[in-house]
Amino acid sequence: MGLTAVSPPTQGNDFLGGECSAADEACLDHELLGRALAVDFATGRNETLDAVTRIFATRSEDANIRAETVRCRARAEQLIIAAGELSMGLALAYAADLFVLRTIERRWRDGEVERVVSRLSLLLGLAAGSVSLQLFVEAVRAPQLHDLPPRVALETQLRLLLALAPVSEISLWTKGSDGRVACLVEQGPTTHTRRFRIVAMRALEGLPAQSGSRGTILGVPVRRWETPWASLVARARAEALETVGVYLSEAAEAMSPVVERELVLERSAARERSLVSASERRLGRLAFDLHDGALQHVAAFGSDLCLMRRQLAELLPTGSQALGIGRVNDLESRIWELDRVLRELAHSLEPGSLVRRPLPDVISDEVAAFTERTGVPVQQRVHGDFTGMTVSQKIALIRVVQEALTNIREHANAAQVRIMITARSGRVDARIEDDGIGFRVARTLLDSARRGRLGLVGSSERVRLLGGRFDVRSQPGGPTTVSLSLPRWQPMGGAVQADDDPGFPALVGG
């Protein structure tokens, strides 16, 4: 079956990025009703996609959502070209992609989902219940979910259930090593009650799982290799008990690959923490060696210069004292500057001094030290909630910023630097830009590795071990951009606290 609309939409892109007025929404409802009654196979194939875009564009969007919407639209158009027509299934798949994007970005407000479903129903000529179910089946398996950390993906799937299924509360449970059930993620204020726990345990044991006088609390197992790994428990609305089980079963099947990915990440996490821990121990050892070795020699050298200055004042003729002592003063100033730089370096190498402080404060201190030494202004923007980052992730991010600033100071001859770090729902992005002289990336990194200078190469490997992406872009004449993206993965058993992270070596600064 092909779907098109005979009249083009009214500049759908004008609605991107803002809320529709009441008049605009009424006009949109009227247009959608007209489209549902007029299906013309001879007209263009993209007008229905325009209408779907407008339905979701009534919800406020930022630049990231707009970019993702464009990618979803391109995917839908490619599928239409391959199929030769815009079918009902492709229209719903595109709508599901947009629904997932909005669900990831923020929670749906009261009445928003009902309006979206109602308008899709008008556009496609389907009953609202059918649209809700088909939209959910597509959305809960959307490819965008595979780009998210498992916990965030599971939370998004629960929010999809809460938005589209006839349930008022939903939670995901698993059994701990002590045999007791524990709630991993939940949506709703009373999901930790005894009745929810009983239903979760029964579902994990493969028994019929429901509670309440009318069976309003239902549970289904989430299986891995046909073995229950978790249980999905929901409080159903009394008027729709017969359909809730269908939604829960579809959600449980869609959650199974997410759970599998979580278990793979858990297995690799031990290796990652071991490698990062070994690296940080080496850096900590280097900090101690600097403090107890090189810095002590620098201090002794400075004391010898002070003694030498006094001796010169006694031995040199009066006319030659100013020149000789002035030269000693210059050397003494350089010695104390070297002492200051080495102490800053030793302090920055101590992991404990980094992870116990808020990330914005650490970045601000690095920027202040850079500007003080170079005089180069730095525009910095550190935005978002970084409390969910593991110690290994935080250290990796800070090391990249430190290494990038060091390279700018020593090689770039830059006049301006920009640092942008943003914490999103599924990842943390960082970008360091400078307007310096630039370099040939491949050749420079290879030469540095051969000489044993593994700054950016080491940063890249550290980020890769954490499952992130690292990129360096430059060319002779500049500019240079260092960027990274780290997934915000946490074990499903709960957030790891900084002092308990196995990747955090117990070092005390000297």
Side-chain angles (χ1 to χ4, degrees), residues 62-68 70-71 147 276 279 345 348 354 359-386 389 392-451 453-488:
D62 61 15
N64 292 320
I65 285 292
R66 288 195 293 273
E68 291 294 334
V70 170
R71 280 192 281 272
D147 294 332
V276 173
S279 173
L345 177 60
S348 69
L354 301 177
L359 181 67
D361 294 350
V362 176
I363 300 300
S364 294
D365 288 350
E366 295 292 335
V367 167
F370 171 85
T371 301
E372 180 182 354
R373 295 183 61 187
T374 64
V376 177
V378 178
Q379 299 178 10
Q380 60 171 321
R381 183 177 184 272
V382 183
H383 176 71
D385 180 12
F386 300 92
M389 295 181 71
S392 300
Q393 291 169 336
K394 188 175 179 182
I395 290 175
L397 175 56
I398 294 169
R399 296 297 186 214
V400 169
V401 173
Q402 290 175 337
E403 188 61 35
L405 291 178
T406 297
N407 288 340
I408 294 170
R409 184 183 71 241
E410 295 180 354
H411 308 295
N413 193 26
Q416 190 171 19
V417 179
R418 296 177 61 195
I419 297 177
M420 293 159 287
I421 304 175
T422 304
R424 308 185 190 280
S425 59
R427 67 185 191 276
V428 175
D429 297 329
R431 186 181 181 92
I432 304 98
E433 301 175 351
D434 71 81
D435 61 354
I437 60 176
F439 59 92
R440 297 187 185 278
V441 176
R443 180 186 301 173
T444 302
L445 293 183
L446 182 59
D447 291 344
S448 297
R450 287 172 176 170
R451 296 197 306 269
R453 303 189 64 179
L454 302 177
L456 286 178
V457 177
S459 298
S460 174
E461 183 66 10
R462 184 190 299 270
V463 172
R464 186 190 68 80
L465 287 171
L466 293 170
R469 296 191 299 271
F470 182 87
D471 186 45
V472 180
R473 296 182 182 271
S474 186
Q475 60 184 1
T480 299
T481 301
V482 177
S483 60
L484 68 90
S485 180
L486 284 170
R488 299 188 66 166

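On a predicted model such as this, the values are computed, not experimentally measured, just so you know. Starting from 1, each residue takes its place in the sequence as its number.
Salt bridge status for R473 with D471: present, with a side-chain N to carboxylate O gap under 4.0 Å.
Taking OG1 from T481 and CD from E433, the interatomic distance works out to 4.5 Å, rounded to the nearest 0.5 Å. Between M420 atom CE and H383 atom NE2 the span is 13.5 Å, to the nearest 0.5 Å. Considering CD1 of I419 and CZ of R381, their distance stands at 13.5 Å, rounded to 0.5 Å. Separation of atoms NZ (K394) and CG (L486) is listed at 13.5 Å; rounding is to 0.5 Å. Separation of atoms OG1 (T480) and CD (Q475) is listed at 8.5 Å; rounding is to 0.5 Å. Atom OG in S483 sits 7.5 Å away from atom CZ in F470 (nearest 0.5 Å).
Listed here is the closest heavy atom pair of P487 and G468: CD-CA, 3.7 Å. Among all heavy-atom pairs drawn from T374 and F370, the shortest one is OG1-O, 2.7 Å. Contact record, D434 with A412: OD1-CB, 3.7 Å, taken as the closest heavy-atom pair. Looking at every heavy atom in both residues, A415 comes nearest to D435 through N-OD1, 2.9 Å. Closest of all the heavy-atom pairs between I363 and Q380 is CG2-OE1, 3.7 Å. Across all non-hydrogen atoms, the minimal contact from F439 to S474 is N-OG, 3.1 Å.
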- For side chain to side chain contact (heavy atoms under 4.5 Å, CB included), just list the numbers for E366 and L405, CA-CA rounded to whole Å, side-chain angles, deciding distance to a tenth of an Å, and then say yes or no. CA-CA 8 Å; E366 295 292 335; L405 291 178; 4.3 Å; yes
- Task: Step by step, work out the salt bridge (charged side-chain N to carboxylate O under 4.0 Å, His left out) result for D429 and R427.
- Result: CA-CA 6 Å; D429 297 329; R427 67 185 191 276; 2.9 Å; yes
- Task: Please lay out, stage by stage, how V463 and V400 fare under the test side chain to side chain contact (heavy atoms under 4.5 Å, CB included).
- Result: CA-CA 9 Å; V463 172; V400 169; 4.1 Å; yes
- Message: Walk me through whether I408 and I432 qualify under side chain to side chain contact (heavy atoms under 4.5 Å, CB included).
- Response: CA-CA 10 Å; I408 294 170; I432 304 98; 4.1 Å; yes
- Item | Derivation of the side chain to side chain contact (heavy atoms under 4.5 Å, CB included) call for V401 and I421 | CA-CA 10 Å; V401 173; I421 304 175; 4.3 Å; yes
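Applying the 6.0 Å contact sphere to CZ of R409 captures more than 12 heavy atoms from other residues, nucleotides or ligands.
The closest side-chain heavy-atom distance from Q393 to V428 is not below 4.5 Å.
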